[in-house]
Amino acid sequence: MAQKRKTSTNKGGKKKGAQSRSVQKKGSPQRKIRRKIAGITRKQILIAVGILAAITFIAYSPVLTAGFVDIDDEKLILNKGQQFLDRPLLIYETAFGPHYKPVTYTTWMLEYRAVGAKPFLYHFNNLLLHIINVLLVFFMIRQISLKFEKLKSHEFQIAFFTALLFALHPMHVESVSWVVERKDVLFTFFFLLSMTSYIRYLNQGKVLMLALSAVTYILSVLSKSPGITVIAILFLLDFVWGRKLSAKLFIEKAGHFVLFILSLYILGFFRSSGEGSLASVTSEKVLAKADNVKNLSPVYGKTALASMRAWLWYLHSLLPFKTAIGYPREGLIGFFGPAIHAFPVLLLAAVGALVAFAKKNKLLFFAHAFFLITLSPAVIRLGLGIGIFMSDRYVYLPVLGLIFLIVAWVITIGDSKRLTAKMRYGILGIIAFVFAIMTFQGAQVWKSTETLWTNVIEKYPSVAYAYVNRGSYYRGIGEMDKALADATRGLEHEDNANARIQRGLIYRQTGRAPEAIVDYNRAIELEPENIQALVNRGNAYLDNRQFQLAIADFDVVLSKSGNLRASVNRAIAFASMGQFATAEQAFKEVEPVAGNYKDFYMNRAILMVEMKKYTQALADYTKYLELVPDDHQIFNDRGIVLALMGRYQEAVQSYTTAINMSPVKDYFRSRARSYDALGQGALAEQDRVRAR
């Protein structure tokens with residue numbers, strides 16, 4: 001006969017092993033039992049982590065040999081390189097606004113200080129952050145899965161496959177492979193840290209974890225503005241944990257709310273005008289040109305289009321095929337015709353249904369609420385410019401909700417449909433394999449600017465700006481025939497001001513100013529207020545020696561904005577007409593704002609030489625060379641000025657610097673004349689021999 005098992009008690013009368021959940025310690029009986037029930041060992045967890053990291057690294061390995069691309073990489077990193085070296089810590093980007101991301105800039109600053117303009121480290125760090133995010137997803141989804149009754153017994157498998165598909169989702173290629181999209185992987189890193197810290201607070205009641213969640217919240221916001229949605233996701237976690245909405249939930253998040261209000265200020269939401277203000281959101285022009293939306297009121301039109309974009313992002317996240325950096329915006333908008341009006345209604349209906357059935361299907365609600373909340377900053381950003389329409393980078397974090405839902409559904413469906421575990425894991429394995437191939441191929445696309453835009457052209461031949469941007473790349477490397485062909489093909493698909501401006505630049509660089517003027521005329525006809533078109537037409541008039549027309553265009557530009565290039569070129573036009581005094585006055589007016597604009601100093605130096613004001617010319621050439629220390633021609637020109645001033649020894653030094661950079665024959669002739677003036681005939685003769 002079995003004996004009854006005695007239960008020992010502590011002095012307080014509590015049974016041993018009956019500690020409350022709040023005081024459980026590492027190694028406590030409850031934690032050991034839970035591990036035993038789950039059947040997951042530490043070794044298995046380490047193996048899972050290793051597999052996730054290795055597969056992610058392999059899938060994205062092509063980016064490690066990629067370069068920078070001519071879309072923001074040059075503008076935000078390479079052009080700011082000297083600033084990164086000058087500042088010990090980059091606290092401010094420019095000013096508070098929706099693009100304020102000092103944490104992201106600080107990472108670029110540290111990288112630039114370490115390796116300069118070598119792209120490997122930037123790409124490696126993007127990939128490293130993505131791998132860390134994948135691992136954070138793995139650990140976080142394990143905790144969340146335990147709060148759903150149907151998922152408890154599969155929490156490890158669900159977490160692994162969710163992290164795996166998150167790692168390999170083809171729409172993540174843009175965020176991981178594009179250097180300037182460091183902001184996506186970085187804000188998500190802090191976002192996930194804030195969530196995991198809050199989950200630990202919910203599980204353990206440690207206030208320190210709540211504080212850590214708040215700190216990582218503000219770091220997420222300062223990496224990229226969508227981080228502001230963390231606070232809403234914390235309430236979503238409260239819902240999953242079964243906590244009733246009460247004053248307590250708001251009070252405990254007081255620190256988060258303070259940071260939320262601070263974030264709104266930082267991101268410019270309290271400004272009455274300007275970029276990022278609420279006023280600018282409602283007054284911005286609708287940029288879409290499709291017939292079904294161009295006559296809609298701005299607010300309604302943007303609402304309809306924003307709703308459409310939300311649905312397209314949702315569908316593309318589920319079926320991520322034919323990914324590219326650009327999509328046929330006008331074609332997609334026009335495709336739906338009058339049905340465009342249905343999207344806001346459908347979105348509201350979907351949200352209403354989710355809320356209505358939230359308690360009946362918590363998983364469905366959590367997944368879609370996570371997707372919509374984290375996507376909302378991109379959806380409500382109503383500007384519809386090419387750069388943000390349907391861009392993959394905006395779903396880097398939101399897609400996590402949908403992946404979690406799909407994985408949980410596939411793994412648990414076997415409980416009711418009698419699918420074996422191998423079949424369920426096989427389905428997810430096939431999806432992961434397909435994603436891995438697509439991601440590996442997508443990462444290769446980011447090898448260069450040329451391959452990036454070629455990918456868009458091959459997948460979506462009607463996207464006009466893809467030809468224009470690839471043509472701009474070809475123009476930058478001097479392949480003018482290819483550049484002109486692409487610019488012309490772009491115009492065949494869509495006649496727009498930007499394409500005209502780009503082709504005009506190609507015509508100017510190839511000495512075809514009259515044809516450039518024709519393109520600029522058309523650009524101004526399409527967009528009369530386009531400053532870039534006016535400046536470039538003025539420059540083309542200058543090339544074509546139509547100085548009065550050039551001055552007229554520059555005057556129009558300067559009446560609208562303080563364009564430095566227009567100001568300098570206006571002065572050049574006066575100088576070219578022989579009106580030296582007027583030109584000098586025009587340069588004098590520009591000088592207070594010239595800063596480090598190198599063209600100002602070079603062109604004023606040329607004018608000063610014409611006016612025989614050599615001291616000023618020398619000062620301007622010297623300033624120019626401080627900004628551009630490798631311009632051998634200007635060292636030669638500076639030597640000429642020094643010789644005209646009778647400072648022959650200094651002239652020889654300047655000529656010598658130019659010759660060491662580039663042994664141009666004219667430079668030897670110039671130096672020979674200064675040697676003659678110094679009475680050093682033998683050296684002068686040597687230079688004349690070299691100049692033959």
S220 side chain to F187 backbone, donor-acceptor under 3.5 Å: yes

Side chains of E252 and Y201 in contact at under 4.5 Å (non-hydrogen atoms): yes

K43 vs L46 side-chain heavy atoms within contact, under 4.5 Å: no

Check: I266 and V221 side chains under 4.5 Å, non-hydrogen atoms: no

Donor-acceptor pair, side chain of T439 and main chain of A59, under 3.5 angstrom: no

I373 versus T229, closest heavy-atom pair with distance: O-CG2, 3.4 Å

T162 side, atom OG1; M140 side, atom CE - distance, nearest 0.5 Å: 9.5 Å

Verdict with supporting geometry, L249 and L245, side chain to side chain contact (heavy atoms under 4.5 Å, CB included): CA-CA 7 Å; L249 300 190; L245 192 64; 4.2 Å; yes

CZ-CG distance between F57 and L52, expressed to the nearest 0.5 angstrom: 15.0 Å

L236 versus A369, closest heavy-atom pair with distance: CD1-CB, 3.9 Å

Smallest separation among heavy atoms of H123 and G67, with atom names: NE2-O, 3.0 Å

Criterion side chain to side chain contact (heavy atoms under 4.5 Å, CB included) on I411 and L428, from CA distance to verdict: CA-CA 9 Å; I411 286 181; L428 294 173; 3.6 Å; yes

Heavy-atom closest contact (A306 atom, V379 atom, distance): CB-O, 3.3 Å

Minimum-distance pair of heavy atoms, taken over all atoms of M171 and H316: SD-O, 3.4 Å

Within-4.5 Å side-chain heavy-atom neighbours: H169 and I403: yes

K322 side chain near Y327 side chain, heavy-atom distance below 4.5 Å: no

Donor-acceptor under 3.5 Å (T188 side chain, V185 main chain): no

Sidechain-backbone polar pair: W241 side chain, I144 backbone, donor-acceptor under 3.5 Å: no

Close side-chain approach of R182 to L129, heavy-atom, < 4.5 Å: yes

Aromatic ring pairing F370/F366, orientation class (parallel under 30°, perpendicular over 60°, tilted between): tilted

ring-ring contact (aromatic ring centres under 6.0 Å, His included) partner of F166, the single match among Y396, F161, F160, F404: Y396

Within residues 207-217 or reaching into it, pairs that qualify as side chain to side chain donor-acceptor pair (under 3.5 Å) - sequence neighbours excluded: S194-S213, S213-H256

Separation between CH2 of W453 and CG of N455, rounded to the nearest 0.5 Å: 10.0 Å

Heavy atoms from other residues, nucleotides or ligands near CZ of F357 exceed 12 (cutoff 6.0 Å): no

Identified ring-ring contact (aromatic ring centres under 6.0 Å, His included) partner of W446 from the options F68, Y60, W178: W178

Exam field: side chain H130 to backbone A167, donor-acceptor pair closer than 3.5 Å: yes

SB check K248 D238 (cutoff 4.0 Å): no

Distance, nearest 0.5 Å, that separates CG of L165 from NE2 of H172: 10.5 Å

Euclidean distance, S177 OG relative to Q444 CD, rounded to 0.5 Å: 10.5 Å

Ring center gap for F235 and F250 short of 6.0 angstrom: yes

Heavy atoms of other groups near K447 NZ, more than 12 under 6.0 Å: no

Side-chain (T196) to main-chain (L193) donor-acceptor, under 3.5 angstrom: yes

Centroid-centroid under 6.0 Å between Y112 and Y122 rings: no

Electrostatic pair E181:K183 at N-O distance under 4.0 angstrom: yes

Check against side chain to side chain contact (heavy atoms under 4.5 Å, CB included), L319 and L315: CA-CA 6 Å; L319 298 170; L315 293 173; over 6 Å; no

K362 side chain to V240 backbone, donor-acceptor under 3.5 Å: yes

Candidate pair D184 and K224, rule side chain to side chain contact (heavy atoms under 4.5 Å, CB included), full reasoning: CA-CA 7 Å; D184 286 331; K224 190 177 182 181; 2.5 Å; yes

Side chains of N203 and Y198, donor plus acceptor under 3.5 Å: no

Expected output: side-chain D392 to main-chain I325 donor-acceptor under 3.5 Å: no

Heavy-atom side-chain proximity of L405 to L364 below 4.5 angstrom: yes

Residue pair H368 / Y314, side-chain donor-acceptor N/O under 3.5 Å: yes

Residues in ring-ring contact (aromatic ring centres under 6.0 Å, His included) contact with F365, at least two apart in sequence or another chain: F239

Donor-acceptor contact below 3.5 Å, side chain T451 vs main chain V445: yes

Residue pair F124 / L64: nearest heavy atoms and the distance that separates them: CA-CD2, 3.7 Å

Donor-acceptor contact below 3.5 Å, side chain K152 vs main chain F148: no

Min side-chain heavy-atom separation M195-F191 under 4.5 Å: yes

Value rounded to 0.5 Å, distance of CD in Q157 from CG in L151: 11.0 Å

F433 CZ: over 12 foreign heavy atoms closer than 6.0 Å: no

